[in-house]
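No hydrogens, no waters, no symmetry mates; every other heavy atom, side chains included, goes into these values.
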Amino acid sequence: MTHAEVFAVVRRIPRGRVATYGQVAALAGFPGHARQVGYALSALDIDASVPWHRVVNAQGRVSLRTGGSGGGMVQRMRLEQEGIAMPGGRVPLRDYAWRPDAEP
DNA sequence: CCACTGACGAGTG
DNA sequence: GCACTCGCCAGTG
């Protein structure tokens, strides 16, 4: 359950899709460790070579300090750049959730 | 090396 | 829908 493991999974998230913390943890082989995934991402740099912005919480919301230093705005901006809208301030997971089994 | 410190999730009332 | 509880690990200073 190292940060590297988490990043490896996050890097697999296809563009235009989002994954939840719990999903990433499960795919990394550590179901139930969603929190640690969050801790791992917290160590990431905003310019890191990882699509960390595609990771949202189970409610489709951006978990990082929303409104604080504007960090959350960066994530939202990047998501919209990929065509992922956030009506109501949250991502409609029903439509954008990443489905590894649905990949080509 | 020790202690602190966090991007969560699921269940219950 | 909201408030509260418990379970979890690795990195940083």
Legend entry - Close side-chain approach of Trp98(A) to Arg54(A), heavy-atom, < 4.5 Å: no
Inset, instruction - Flag yes if Phe7(A) and Tyr21(A) sit in one hydrophobic cluster, no otherwise; membership is Ile, Leu, Val, Met, Phe, Trp, Tyr, and two members link when side-chain heavy atoms are under 4.5 Å apart. - result: yes
Legend entry - Contact check, side chains of Arg90(A) and Val62(A), non-hydrogen atoms, under 4.5 Å: no
Inset, instruction - For DNA chain B, determine which residues of residues 22-39 of chain A have any heavy atom closer than 4.0 angstrom to one of its atoms, and list them numerically. - result: Gly22(A), Ala34(A), Arg35(A), Gly38(A), Tyr39(A)
Legend entry - Protein-nucleotide distance (Trp52(A), atom CH2; dC8(B), atom C1'), rounded to Å: 17 Å
Legend entry - Considering all heavy atoms, the nearest Ala43(A)-His3(A) contact: CB-CE1, 3.5 Å
Inset, instruction - Find the distance Leu93(A):CG to dC8(B):C1' and express it as a whole number of Å. - result: 14 Å
Inset, instruction - Give the first and the last nucleotide of DNA chain C, reading 5' to 3', that has any atom under 4.0 Å from a heavy atom of chain A. - result: dG7(C) to dG11(C)
Inset, instruction - Salt-bridge test for Glu82(A) and Arg17(A): reply yes if a basic N is under 4.0 Å from a carboxylate O, no otherwise. - result: no
Legend entry - Smallest separation among heavy atoms of Ser63(A) and Asn57(A), with atom names: OG-ND2, 3.2 Å
Legend entry - Closest heavy-atom pair and its distance - Pro51(A), Arg11(A): CD-CA, 3.8 Å
Inset, instruction - Please list residues of residues 5-17 of chain A whose heavy atoms come under 4.0 Å from any atom in DNA chain C, ordered by number; otherwise none. - result: none
Inset, instruction - Classify the nucleic acid contact of Ala58(A) as base, sugar-phosphate or nothing, counting any heavy atom under 4.0 Å across all strands shown. - result: sugar-phosphate
Legend entry - Joint hydrophobic cluster, Met86(A) plus Val74(A), side-chain heavy atoms closer than 4.5 Å: yes
Legend entry - Qualifying residue for side chain to side chain contact (heavy atoms under 4.5 Å, CB included) with Ile13(A), from Val55(A), Val18(A), Val50(A): Val55(A)
Inset, instruction - Would you mind reading off the distance between Arg61(A) atom CZ and dA10(B) atom P, rounded to a whole angstrom? - result: 14 Å
Inset, instruction - Over all heavy atoms of both residues, which pair between Leu93(A) and Ala58(A) is shortest? Give the atoms and the distance, please. - result: CD1-O, 3.3 Å
